[in-house]
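Not measured: the values here are computed from a predicted model. The chains referred to below are lettered A, B, ... by the order of the sequence lines, with proteins before strands, and numbering in each begins at 1.
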Protein chains: 2
Amino acid sequence: MQQQSRAKPLRYSRQRERLLYLLQSTDTHPTAGWLYDMLKPEFPNLSLGTVYRNLSVLIEQGLVKKIDSGSTFDRYEAKTTPHYHLICHECGTIIDFEEQLFPEIDALVSKAADFAVEGHRIDFFGTCSACRTRNGKNS
Amino acid sequence: MQQQSRAKPLRYSRQRERLLYLLQSTDTHPTAGWLYDMLKPEFPNLSLGTVYRNLSVLIEQGLVKKIDSGSTFDRYEAKTTPHYHLICHECGTIIDFEEQLFPEIDALVSKAADFAVEGHRIDFFGTCSACRTRNGKNS
DNA sequence: TTATATAATGCAAATAAGTGCACCATGGGT
DNA sequence: ACCCATGGTGCACTTATTTGCATTATATAA
Ligand SMILES: [Zn+2]
Ligand SMILES: [Zn+2]
Ligand SMILES: [Zn+2]
Ligand SMILES: [Zn+2]
């Protein structure tokens with residue numbers, strides 16, 4: 001299903017370097033299309049396939065994470081510290097939630113379910129404060 | 001981003017009824033393609049678009065949930081009780097984890113983050129016991 | 001510096017999922 | 001039973017993402 005990171009040799013790639021740098025420079029959890037648009041001026045013949053492929057490479061290296069936002073687009077981030085996501089279903093904004101609620105959760109589930117947990121993901125869905133303000137006081 | 005369930009009138013649809021029944025009859029978290037294949041004999045000119053559309057309708061009704069399995073396919077389930085998922089990255093199996101670990105988590109995050117949490121999703125990634133057995137004793 | 005192996009890229013084609021539209025079907029009114 | 005408004009469906013097309021392949025670029029050794 002997914003190959004065990006078999007340390008295949010990587011070569012330097014300017015595009016991958018800039019892609020990672022770009023992702024590390026924002027906290028907006030951008031889409032692949034946005035990353036492509038931002039890099040296009042610097043690499044006039046960049047292709048979207050390369051963006052996706054480099055995102056995959058960076059994900060395998062553990063430097064980038066893919067976020068299923070619930071919309072039709074996936075989003076990406078380069079924040080490596082563990083955190084959760086607050087996903088606003090109204091405007092699509094993704095907010096990082098830094099507090100480490102349950103450090104022992106993986107071990108707990110591993111034991112309870114006979115399943116070797118290697119990591120987990122927690123996403124909260126709801127309405128962000130900006131959208132609530134815009135809507136008046138409902139919800 | 002997502003419309004507030006505005007109670008638009010629904011009509012009876014045999015295909016949607018059978019789709020829901022099929023989904024309720026399994027705990028394998030099937031893909032849209034599998035559902036399509038299973039329903040095709042009964043509805044010879046069923047189209048995949050209809051499957052996707054009916055899944056969306058059922059999701060809006062709260063009868064079905066979409067699961068981002070991390071693979072290239074989305075998966076679906078009709079289990080409405082809250083539970084978490086153990087997703088094996090080796091064979092793709094999704095196992096339900098029924099224990100309600102943190103009932104108060106939504107309220108807690110709502111308060112801490114000024115975000116109106118309406119629900120959450122917790123997924124654990126790792127290796128299932130079948131795969132560990134098959135692999136020998138590693139991991 | 002040149003040669004060699006192979007990773008990275010661009011392009012186009014393939015997939016999975018979502019959507020517009022013309023037509024069919026359900027259900028409430030007559 | 002018939003009419004009609006509108007929801008549901010099939011089909012084809014679009015969108016988001018992945019992948020095959022020929023070409024280009026990186027890295028290492030000669
Ligand atoms: Zn919002
Ligand atoms: Zn984040
Ligand atoms: Zn497995
Ligand atoms: Zn489940």
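- By the criterion of side-chain heavy atoms lying less than 4.5 angstrom apart, applied directly or through intervening Ile, Leu, Val, Met, Phe, Trp or Tyr residues, B:Leu55 is not grouped with B:Phe73; the two fall into different hydrophobic clusters.
- Between B:Phe102 and A:Phe102, the ring-plane angle classifies as parallel under the 30° and 60° cut-offs.
- Distance, B:Tyr52 OH to D:dA12 P: 18 Å, rounded to whole Å.
- Distances shorter than 4.0 Å separate some side-chain N or O of A:Ser13 from OP1 or OP2 on C:dT9.
- Residue A:Lys40 has no polar side-chain atom (N or O) positioned under 4.0 Å from OP1 or OP2 of C:dG10.
- In this structure, the CG atom of A:Leu46 is 16 Å from the C1' atom of D:dA25, given to the nearest Å.
- Nearest to the side chain of A:Pro9, among D:dT17, C:dG10, C:dA7, sits C:dA7.
- Here B:Gln15 does not reach the OP1 or OP2 of C:dA25: none of its side-chain N or O atoms lies under 4.0 Å away.
- Separating the CZ atom of A:Phe73 from the P atom of C:dG18 is a distance of 12 Å, rounded to the nearest angstrom.
- A salt bridge links A:Lys79 with A:Asp96: the closest approach of a Lys/Arg side-chain nitrogen to an acidic carboxylate oxygen falls below 4.0 angstrom.
- Put simply, CG on A:Asn54 is 16 Å from P on D:dA25, counting in whole angstrom units.
- Residue A:Arg53 places a side-chain atom within donor-acceptor reach of the base of D:dG20, judged by atom type and a 3.5 Å distance cut-off alone.
- To the nearest angstrom, C1' of C:dA7 lies 4 Å from CZ of A:Arg11.
- Distance CG (A:Leu19) to C1' (C:dT9): 14 Å, rounded to an integer number of Å.
- One finds no side-chain N or O of A:Asn45 lying less than 4.0 angstrom from the OP1 or OP2 phosphate oxygen of C:dC11.
- Remark on DNA chain C: of its neighbouring residues B:Arg14 and B:Ser56, the 5'-side contact belongs to B:Ser56, judged by nearest-heavy-atom nucleotide.
- In this structure, A:Leu48 places its CG atom 13 Å from P of C:dA12, rounding to the nearest Å.
- Each of A:Lys66 and B:Tyr12 was matched to the nucleotide of DNA chain D holding its nearest heavy atom; the match closer to the 5' end belongs to B:Tyr12.
- For B:Glu42 and B:Arg14, the salt-bridge test passes: some basic side-chain N is under 4.0 Å from an acidic carboxylate O.
- Taking 4.0 angstrom as the limit, A:Thr50 places none of its side-chain polar atoms (N or O) nearer than this to OP1 or OP2 of C:dT9.
- Between A:His83 and A:His29, the ring planes lie tilted relative to each other; the angle falls in the 30° to 60° range.
- Computed from coordinates, the A:Leu10 CG to D:dA27 C1' distance equals 13 Å when rounded to whole Å.
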